[in-house]
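We name chains A, B, ... by the order of the sequence lines, and we start the count at 1 in each one. Worth saying up front: this structure is predicted, and the values here are computed from it rather than measured.
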Amino acid sequence: MRYSKYFLFTSKENPAGAINISHSLLIRGSFISQLSSGIYNFLPIGFRVLKKVWKVIEEEMDRIGALQVLMPALHPSDLWEKTGRWQTMDNVMFKLQDKKGANMVLGTTHEEIITDIVSKFVKSYKNLPLLLYQIQVKFRDEIRPKGGLVRAREFIMKDLYSFHTNWECLDKTYQDVYQAYVRIFERLSIPVESVEAFSGPIGGDVSHEFMVVTEAGEDKFVKCTNCGYAASTEIAQIKKPEINYKYKPIDKLNKVHTPSVSSVEQLVNFLGKKPQNFVKSVLYRVGSTYILVLVRGDKEVNEIKLEKYIKNELKIMEEISMAKEDDFDRLGSVIGFIGPLNLKDKILFLKNEKKLSDEIDLKIIADFSVYGLKDVIVGANEKDYHFVGIDFDNIEIDSFADVSTVIDGDKCVKCGEEYRIFPALELGHIFKLGTKYSEPLKAYFADKDGKIKPMIMGCYGIGVSRIISAILEAYSSENSMTWTFNSAPFFVYLITINMDDEAQYKISDNIYNGLSNFEVLWDDRKESAGTKFKDWELIGIPICIVIGNKIKEGLVEIKVNPNFPKTISNKKINSEFISKLFDSLSIFITLQEVEEKIKHIYNELDGIVNG
RNA sequence: CGGGGUGUAGCUCAGACUGGUUAGAGCGCGUGCCUUGGGAGCACGAGGUCCGCGGUUCAAGUCCGCGCACCCCGACCA
């Protein structure tokens with residue numbers, strides 16, 4: 001491709017409002033342009049990158065026997081109503097009506113549609129398992145899109161769905177997909193961590209996320225410094241401490257006046273203590289049971305873990321909600337000043353006075369973080385008062401549980417060593433769905449014995465457009481993108497220093513034609529050398545061939561994007577080999593060697609990355 | 001959805017507080033000269049619904065009100 005005929009409009013200026021390096025570089029390089037908040041055009045060079053990523057994903061999906069389909073982005077509401085997600089996903093759906101007034105939705109995801117398709121065609125175990133996928137646009141009306149392609153309202157996703165006769169078969173496919181994902185990220189040279197994850201509204205019991213560590217991400221995961229176990233902070237568990245707890249009621253409560261000071265942060269300032277010197281009490285309601293959760297002041301209640309605990313251990317199945325102001329009134333406490341010490345007495349008193357129904361129950365659950373605390377501060381269940389000087393065994397609790405979100409330094413549930421927290425961007429997420437969608441949408445099949453059963457399903461997503469940002473976040477620097485071998489829009493950037501110099505022009509033309517199999521972008525503009533070098537660096541093409549004055553001596557320079565070798569040695573191969581491959585390049589070599597060198601490097605890299 | 005901010009040339013931004021001829025700069029774009037190993041130089045030129053609507057005023061890019069859009073922080077979120 002000749003630059004002069006191409007659609008490339010680079011900019012020296014950072015776009016206003018771009019916070020992430022990937023966002024800024026993509027705009028500056030004219031890879032994408034913004035149409036509206038969270039809605040982007042892919043311009044020619046950006047679309048080339050998208051297609052490169054797309055191709056790797058397709059090849060790996062094909063390799064595990066998945067079949068590609070293309071489903072519509074525009075859906076009627078009925079299928080979504082059948083699964084209940086018309087309501088539960090309402091907050092992110094673009095909903096609209098057609099001219100007849102029928103409800104429609106722009107697809108946020110495609111479980112409903114694919115399940116509907118399969119239910120119509122597949123009736124027998126003989127046609128299962130079945131893996132179908134698409135690479136298509138998704139719409140989510142995110143309240144706050146940000147970071148360019150990091151969180152967009154319209155974005156490209158690869159979504160794969162699998163259908164099975166039984167769980168064992170799903171387990172096997174889940175492993176196949178897991179391995180396919182590992183290969184996809186390896187081939188794109190993206191350093192991902194796979195972490196245990198929360199299934200969320202998609203549903204199912206088991207899920208993994210593929211995360212890339214970057215400040216540009218919006219998620220967090222923890223990884224054990226010893227055994228390497230990794231999990232999303234949404235679900236990461238903490239090792240249970242050796243608990244030796246004997247309730248010792250305190251003789252005299254020491255109450256302090258804390259006027260209009262209720263949050264831990266305010267208390268820290270008011271009393272001059274650390275957050276760890278507080279026990280935070282958070283009240284939840286589950287049916288007629290109130291749950292008072294105690295966590296150390298520097299930690300947060302994890303509602304996902306709490307919900308699991310309440311359902312699995314306490315066997316209470318009603319919906320859990322945060323207590324409201326009238327709940328506090330009912331229990332004789334005050335919002336912002338609730339605490340565990342005298343709350344049960346208050347409730348007993350209210351019940352005796354017939355001011356509170358006997359059905360109401362209160363359970364006090366202490367997070368592991370509260371265990372062993374001495375001399376802490378808790379709410380006094382009285383406006384503007386806290387108790388001080390409390391030890392953990394002065395608090396009468398019903399049970400200890402792991403119900404707080406992991407923070408740096410918490411102990412690994414597997415081996416007991418310390419966790420570290422990493423900021424991350426989620427690129428892929430795989431789920432075991434079970435029959436969550438096959439039941440309501442009647443995706444049934446006849447088994448060998450003629451019994452009609454619902455199909456067992458899995459679903460597996462990759463944020464294709466988000467991957468583009470992730471690659472740049474992983475390797476790029478302020479004024480220079482770095483693409484990886486399989487994502488680079490071009491492999492070679494050919495610079496002709498002086499287009500008016502006939503010798504330079506002719507040789508450039510020959511090299512351009514001679515390397516036509518290697519995706520060459522020829523900067524054939526009558527611009528200054530500096531302009532061309534800066535553009536090469538900005539758009540991040542791995543190899544640069546420079547045709548300049550030295551051509552008189554039959555010499556040509558080959559340069560490598562200095563960050564590019566990092567994207568290869570990331571792949572656990574011999575780094576000495578990599579440096580050898582590139583070290584001899586940033587010098588002048590003879591004209592005859594150029595084609596040979598480029599072919600050699602290309603083939604070696606192809607073997608390493610895709611082999 | 002809460003808080004904050006911005007909206008002026010294709011882009012990045014001055015000008016607004018303190019209203020007053022014809023609204024500016026840099027970059028980019030066009031033409032010519034010159035230059036060709038690190039975003040060169042000179043000259044000329046094109047390019048504006050100052051986000052929209054309404055109001056105040058002799059006079060509004062500037063002040064006031066309403067609206068819209070976009071950005072940032074937080075909450076939210078496969």
Side-chain angles (χ1 to χ4, degrees), chain A residues 8-20 23-24 27-28 30 33-39 85 88-93 107-111 138 140-148 150-153 155 157-161 195 197-204 207-211 217-220 232 234-235 300 303-304 425-431 433 436 458-463 466 479-480 495-501 503-505 523 525-539 544-552 555-557 559 586 588:
Chain A
L8 208 40
F9 301 92
T10 59
S11 164
K12 281 184 255 193
E13 304 263 16
N14 276 317
I19 291 302
N20 296 333
H23 186 193
S24 175
I27 302 280
R28 284 182 54 195
S30 68
S33 69
Q34 182 173 20
L35 177 62
S36 179
S37 177
I39 305 178
R85 292 210 291 180
T88 59
M89 286 192 97
D90 181 70
N91 53 342
V92 291
M93 279 179 156
T108 51
T109 171
H110 282 74
E111 282 82 6
K138 296 280 185 280
R140 290 187 196 174
D141 193 2
E142 299 284 355
I143 301 161
R144 185 150 114 74
K146 64 189 236 187
V150 167
R151 185 188 343 181
R153 295 197 293 172
F155 60 99
M157 182 186 237
K158 187 280 308 178
D159 42 330
L160 165 68
Y161 305 90
V195 309
F198 174 57
S199 312
I202 298 283
S207 88
H208 283 87
E209 286 171 334
F210 290 80
M211 308 280 238
E218 333 188 80
D219 290 301
K220 287 190 174 123
S232 158
E234 290 178 312
I235 60 145
E300 297 293 333
E303 294 186 7
I304 292 166
L425 181 60
E426 177 190 341
L427 297 182
H429 201 160
I430 61 180
F431 304 82
L433 294 172
K436 183 179 161 108
C459 83
Y460 320 85
I462 289 183
R466 184 180 273 185
N479 289 310
S480 174
I495 291 179
T496 308
I497 298 287
N498 186 353
M499 281 296 287
D500 292 330
D501 181 313
Q504 288 187 30
Y505 174 83
D523 195 339
R525 296 171 298 167
K526 292 186 176 182
E527 292 287 344
S528 72
T531 302
K532 295 180 181 183
F533 283 120
K534 290 289 183 191
D535 266 359
W536 169 55
E537 281 155 10
L538 176 62
I539 64 184
C544 179
I545 300 177
V546 189
I547 311 294
N549 266 331
K550 290 266 182 184
I551 203 66
K552 289 176 198 149
L555 295 177
V556 171
E557 188 180 11
K559 292 158 80 88
S586 295
F588 291 96

Atom of [X], atom of [Y] and distance for their closest heavy-atom approach:
X: A/Gly38; Y: A/Pro145; result: CA-CB, 3.7 Å
X: A/Ser30; Y: A/Phe9; result: OG-N, 3.0 Å
X: A/Ile497; Y: A/Ala529; result: CD1-CB, 3.8 Å
X: A/Arg140; Y: A/Thr108; result: NH2-O, 2.9 Å

Could you check whether any side-chain heavy atom of A/Val556 comes within less than 4.5 Å of a side-chain heavy atom of A/Ile545, counting everything from C-beta outward?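 Contact flag for A/Val556/A/Ile545 side chains = yes.
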Could you measure between the two [atom1] atoms, the one in [N] and the one in [M], and give it in whole Å?
N: B/G48; M: B/A9; atom1: C1'; answer: 6 Å
N: B/C29; M: B/C58; atom1: P; answer: 48 Å
N: B/G39; M: B/C27; atom1: C1'; answer: 10 Å

With sugar-phosphate taken as primed atoms, P, OP1 and OP2 and all else as base, the protein-contact string of nucleotides 36-47 of chain B at under 4.0 Å (heavy atoms; B, S, -) is BBBBS-------
With sugar-phosphate taken as primed atoms, P, OP1 and OP2 and all else as base, the protein-contact string of nucleotides 67-76 of chain B at under 4.0 Å (heavy atoms; B, S, -) is ---SSBBBBB
Check: Do A/Lys436's NZ or CZ and the ring of A/Phe431 fall within the cation-pi criteria of under 6.0 Å and 45°?
Finding: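 Cation-pi check for A/Lys436 and A/Phe431: fails.
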Who pairs with B/U31 - Watson-Crick or G-U, where each distance is under 3.5 Å
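Answer to the pairing question: B/A43, which forms a Watson-Crick or G-U pair with B/U31.
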Exercise. Look at the side chain of A/Ser207 and the backbone N and O of A/Ala197, then say whether any donor-acceptor pair between them is shorter than 3.5 Å.
Key: yes
Would you find a donor on one side and an acceptor on the other, under 3.5 Å apart, between the side chain of A/Arg153 and the backbone of A/Asp141?
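Flag not set: sc A/Arg153 to bb A/Asp141 has no pair under 3.5 Å.
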